[in-house]
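Step one of this worksheet: look at the structure below.
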Amino acid sequence: MEVTVKDGQTLADIAVQEHGTWEAALDMAMENGVSLTDTLEAGWTLRLPEGVKENRVMKSYCKAHEVSPATARDESSVRLRIFGEEFTKEYM
């Protein structure tokens with residue numbers, strides 16, 4: 001399977017969106033020949049690895065609510081967080 005990168009998404013964001021856990025980001029990086037710290041460009045297509053650890057509850061939530069995590073940035077391009085506070089409270 002493949003996924004198209006949206007503006008502001010990191011591998012961790014896409015891992016949460018597609019696998020329900022940021023831990024899948026390393027497998028995604030290896031599958032696509034990129035670094036965990038690479039800045040992804042909107043519109044890129046990434047292959048999704050098979051057989052990685054998943055959090056089915058989070059994955060289902062993202063799919064059901066059309067959640068596409070994207071890391072916020074401030075003026076200096078510093079990444080701030082994946083989800084807003086309202087989401088974090090529900091899933092901590």
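FYI, side chains are in, hydrogens and waters are out, and symmetry mates aren't considered; it's all heavy atoms of this structure.
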Item to complete: Please name all residues satisfying side chain to side chain contact (heavy atoms under 4.5 Å, CB included) with K6, sequence neighbours left out, ordered by chain then number.
Response: Q9, S68
Item to complete: Identify the residue among T39, D38, N32 that makes a side-chain contact (heavy atoms from CB on, under 4.5 Å) with S35.
Response: D38
What distance do [X] atom [atom1] and [Y] atom [atom2] have between them, rounded to the nearest 0.5 Å?
X	Y	atom1	atom2	value
E54	S60	CD	OG	9.0 Å
N55	H19	CG	NE2	12.0 Å
L11	L26	CG	CG	9.5 Å

Discussion item. Strictly by salt bridge (Lys or Arg N to Asp or Glu O under 4.0 Å), give each pair with a member in residues 41-52 just once, sequence neighbours left out.
Written reply: E31-R47
Worksheet item: What salt bridge (Lys or Arg N to Asp or Glu O under 4.0 Å) pairs are there with at least one residue in residues 14-23, not counting sequence neighbours?
Response: E18-K63, E23-K53
Discussion item. Testing the basics here: between P69 and V16, what is the closest heavy-atom pair and its distance to 0.1 Å?
Written reply: CG-CG1, 4.2 Å
Fill in: Minimum-distance pair of heavy atoms, taken over all atoms of P49 and M28
CD-CG, 3.6 Å
Item to complete: Decide if atom CD of E66 counts as having more than 12 heavy atoms of other residues, nucleotides or ligands within a radius under 6.0 Å.
Response: no
Discussion item. I want to check something: taking the side chain as every heavy atom from C-beta on, are V52 and T21 in contact at a cut-off of under 4.5 Å?
Written reply: no
Fill in: L40 vs I14 side-chain heavy atoms within contact, under 4.5 Å
yes
Item to complete: Assess whether side chain to side chain contact (heavy atoms under 4.5 Å, CB included) is satisfied between V67 and Q17, documenting all intermediate values.
Response: CA-CA 7 Å; V67 172; Q17 171 185 305; over 6 Å; no
